[in-house]
Number of protein chains: 2
Amino acid sequence: MTTDTTTTDDASPGPLGRYMDVLELVAAFPGALTLGDVSSMLALPKTTAHRLLKGLVKAGLAREAVGGRAYDLGERLTRLVHATVDDDWLATLTGPHLRQIIESWGETCYLTRLAGGRIVVAVSQSPDVRWRGYVQPGIEMPVNAAASAKAIMAYQDDATLAQALAQPLPIVTANTRNDAAWVESELQAVRERGYATCIGEIDEGLAAIAVPVTLPDGMVLHALAMTGPLQRIMNERLPERIDALNTTGAALAKALALGAKIRERGAN
Amino acid sequence: MTTDTTTTDDASPGPLGRYMDVLELVAAFPGALTLGDVSSMLALPKTTAHRLLKGLVKAGLAREAVGGRAYDLGERLTRLVHATVDDDWLATLTGPHLRQIIESWGETCYLTRLAGGRIVVAVSQSPDVRWRGYVQPGIEMPVNAAASAKAIMAYQDDATLAQALAQPLPIVTANTRNDAAWVESELQAVRERGYATCIGEIDEGLAAIAVPVTLPDGMVLHALAMTGPLQRIMNERLPERIDALNTTGAALAKALALGAKIRERGAN
DNA sequence: ATTCTTGTTCCGAAATTCGGAATTGCATTC
DNA sequence: GAATGCAATTCCGAATTTCGGAACAAGAAT
């Protein structure tokens, strides 16, 4: 049994595994990655690398760069993502609000959204480009750790919450807890304080604070969050930050409600 | 020869073909598409659909929705795109400018960019959500038809231009021309008038106008465009539109140059 | 003209996928 | 609580595909 070829846990890369490896490489060096590069970087025979690349191209996931000597991402890929996320209108709507905050506080701010039982980043803005690497639109926020996720989940009905807690909850740092009881107590704390925190639970040195964005009908589907180095976020000016988030959050709620109404009208 | 199994023109879907079909379906109904749906919509045996879906999940391109009964797009996909496009800062920078135009004119506006010899949409905003379907970030604009592409290509050196013209140029409508000579004359016209047009060359009833965005150092890497129904765009108010685009384009040029400088500084 | 590098085609051996049939799991109904 | 219906999943032999070494073209550099 120990010599079984099919690993019991099934961590096999699957049929698309190597295609994805190549694709990720292409994404890392768009428009500048040549066949030889792929071959040597992934230790694949030239022939195999060639076949994989051509396969990606035929599938529309990659395409040959203009010179012909290199590859970059195909537009079918781009279209796929943009078709789903469709947070464009949300971005244009909330952009100015976010910008206002980051200008006064100089920290990364983002708006998350409840989408299909998960919390995902909808819009993200930062004063420093380098920070944006982590918080990018479409990224999922873990319910048991992220401030923005707690801020939303604290105001969902029991069914939604139970479903979210039934998912595997990741442990990322020594400060991460993933037992349901703890999460529930954390959410209770959010309801009492009116804001959520994430203190080194995702990255040792980073903290985040988030407030729920309560729509006019009382629903909470979004959260507004600010993140940065732990000691710079969780200091004596914390109350001020929360105030700022709440003020902007209220404005956002109105804008979002209006936006949704307009969108609905246009979709008939 | 006619009965040859390997088609000479090689329009085969490739090994990833069916995976992509499924993935596109998932993207169309994110979080709500069940195995049975895929099976019946693509006329695949349940077994096959199942295997394809699981393959996508294992590759990180799709994932099971929280309920477990449905699928949506995986975040590896999202991350791939956002890692490359990286037009986020560009979007936040140009967003307000674009919004200003669409508010006064009520037409779809977008910024395109020269990227690796191709013209791609960087930022796009529209008063009506439905229009956005076509002009989406990442989409490539054909050099021989799109106004935004002509506006940029008219100011490139001969090598870049030659390379672009060496690519296969698509014919999409009866108004599309794809011979190099015609394109060159069109570019000459752009240089004389200062703006580019696309009159039903991409979609019969649609027109677009575009102006180059000239950076402080004289380079043209971007174009600002407005698109809409032909008779609404190409009417007697055309000069005013061009003026508006030029004004905003000048403001954008400054913003872009500054943005690039800041980004460069942060990247050291 | 020649050499080197890079991309492409061929083809037999090996491993994979293919999809029908049977099975499990879950919710709804009687 | 048993029974029913539906959707998802596992099994498995047949068939198709991929795999990658070796030979082959196509430029670029010397």
Colleague: Got a list of protein N/O to nucleotides 3-10 of chain C N/O distances below 3.5 Å?
Modeller:
{"unit_1": "C:dG7", "atom_1": "OP1", "unit_2": "A:Thr34", "atom_2": "OG1", "d": "2.3"}
{"unit_1": "C:dG7", "atom_1": "OP2", "unit_2": "A:Gly36", "atom_2": "N", "d": "3.0"}
{"unit_1": "C:dT8", "atom_1": "OP2", "unit_2": "A:His50", "atom_2": "NE2", "d": "3.0"}

Colleague: B:Pro142: what forms a side chain to side chain contact (heavy atoms under 4.5 Å, CB included) with it, not counting sequence neighbours?
Modeller: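 Scan of B:Pro142 (side chain to side chain contact (heavy atoms under 4.5 Å, CB included), adjacent residues dropped) gives B:Asn144, B:Ala145, B:Ala146, B:Pro170, B:Ile202.
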Colleague: Would you mind writing out the side-chain donor-acceptor pairs for residues 212-222 of chain A within the sub-3.5 Å range, not counting sequence neighbours?
Modeller:
{"unit_1": "A:Asp217", "atom_1": "OD1", "unit_2": "A:Met219", "atom_2": "N", "d": "3.1"}

Colleague: Without decimals, in angstroms, what is the distance between A:Leu16 CG and D:dT17 C1'?
Modeller: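 To the nearest whole Å, that distance equals 14 Å.
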Colleague: From CG of A:Leu44 over to P of D:dT18, roughly how many Å is that when rounded to an integer?
Modeller: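 Spelled out: CG on A:Leu44 to P on D:dT18 is 16 Å.
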Colleague: Can you give me every donor-acceptor pair (side chain of residues 21-34 of chain A, partner residue at least two apart or in another chain, under 3.5 Å) with its distance?
Modeller:
{"unit_1": "A:Glu24", "atom_1": "OE1", "unit_2": "B:Arg76", "atom_2": "NH2", "d": "3.0"}
{"unit_1": "A:Glu24", "atom_1": "OE2", "unit_2": "B:Arg76", "atom_2": "NE", "d": "2.9"}

Colleague: Can you list everything that forms a side chain to side chain contact (heavy atoms under 4.5 Å, CB included) with A:Asp158? Sequence neighbours excluded, please.
Modeller: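 Here no residue qualifies.
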Colleague: Apply side-chain hydrogen bond (donor to acceptor under 3.5 Å, both in side chains) to A:Gln188 and A:Glu192, showing your working.
Modeller: CA-CA 6 Å; A:Gln188 181 58 34; A:Glu192 285 163 10; 3.1 Å; yes
Colleague: Given atom CZ of B:Arg18 and atom C1' of D:dT16, what is their separation to the nearest angstrom?
Modeller: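 It works out to 11 Å between those atoms.
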Colleague: Could you work out, with salt bridge (charged side-chain N to carboxylate O under 4.0 Å, His left out) as the rule, every residue matching A:Arg177, not counting sequence neighbours?
Modeller: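 In terms of salt bridge (charged side-chain N to carboxylate O under 4.0 Å, His left out), with neighbours along the sequence ignored, A:Arg177 is linked to A:Asp179.
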Colleague: Would you kindly give the OH-to-P distance between B:Tyr19 and D:dT18, to the nearest whole Å?
Modeller: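 It works out to 11 Å between those atoms.
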